[in-house]
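Take a look at the structure below.
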Amino acid sequence: MPAADPPTPVPDLGTYMAEDTLEGHPRLGRVTAWDGSLLYLMPPGGGTVWTAPPADLRRPSERERALIRILTRPVTAMEPPPPPQTWQEEPVVLSVEPPPPAVPAPGCAPCALAAEWERHHRRQEDHSAAADFRIEIRNHPHAPPKLALPREGPDRWRRSHRG
């Protein structure tokens with residue numbers, strides 16, 4: 001009569017064990033029950049319970065025990081961050097009316113031409129273009145101009161560009 005293999009010891013309930021898988025990554029679990037032939041194991045930190053025979057299990061390595069400690073350690077509540085510092089600022093009040101027409105520098109031909117174009121765009125209600133000409137007048141004199149001014153005023157330009 002051949003000698004029988006000694007029975008595999010059954011780990012205590014609550015003990016963490018490792019099961020080697022075909023993928024090469026061990027499956028870690030805490031023993032939650034024993035039904036006489038299979039152990040029931042739950043992953044550290046919770047999850048789906050699985051079963052394994054005691055012979056397929058081994059004690060976790062030091063690295064695996066460190067992972068189990070990380071996964072089962074409760075997360076401590078952090079102190080809430082301080083509220084952001086804010087400063088009360090005066091509200092910005094925007095005018096509904098466009099700004100007054102530009103005033104060209106006396107005796108300056110480029111400023112006078114820019115003012116004429118600015119008035120033209122104000123009449124057309126193109127306030128963006130009018131603002132461009134006001135800025136050009138405000139920044140004058142400068143070389144080279146930031147805005148290429150047409151050589152003619154809007155009235156002469158319109159007559160020369162009619163089809």
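What you see is a predicted model; the values in this text were computed from it and never measured.
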I would like to know whether E136 and W117 meet side chain to side chain donor-acceptor pair (under 3.5 Å); could you show each step before the answer? CA-CA 11 Å; E136 185 66 28; W117 276 103; over 6 Å; no

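Between H121 and F133, the closest side-chain pair of non-hydrogen atoms falls below 4.5 Å. Using a 4.5 Å heavy-atom threshold, the side chains of W34 and P11 count as separate. Side-chain contact between D35 and S37 is present, with heavy atoms from C-beta onward closer than 4.5 Å. In this structure, the side chains of M17 and V31 come closer than 4.5 Å at one or more pairs of heavy atoms. Side-chain contact check for R59 versus T15: some heavy-atom pair is nearer than 4.5 Å.
The shortest heavy-atom contact between A102 and R134 is CB-CG, 3.7 Å. Across every non-hydrogen atom of A52 and E19, the tightest pair is CB-OE2, 3.7 Å. Contact detail for M42 and G47: the closest heavy-atom pair is CG-O, 4.0 Å. The minimum heavy-atom distance between P60 and R65, with the atom names listed, is O-NH1, 2.8 Å. When all heavy atoms of I68 and P44 are compared, the closest pair comes out as CG1-CG, 4.0 Å. The two residues P54 and V10 make their nearest non-hydrogen contact at CG-CG2, 4.3 Å.
E116 has no carboxylate O lying under 4.0 Å from a charged side-chain N of R119, or vice versa, which leaves the two without a salt bridge. The pair E64-R58 counts as a salt bridge, with a side-chain nitrogen and a carboxylate oxygen less than 4.0 angstrom apart.
Taken from OG1 in T51 to CG in L39, the straight-line distance is 9.0 Å, to the nearest 0.5 Å. Atom CG in D132 sits 13.0 Å away from atom NE2 in H127 (nearest 0.5 Å). In this structure, L28 CG and L41 CG are separated by 10.0 Å, a value rounded to the nearest 0.5 Å.
A donor-acceptor pair is defined here as one N or O able to donate and one able to accept, closer than 3.5 Å; no such pair exists between the side chain of T21 and the backbone of P26.
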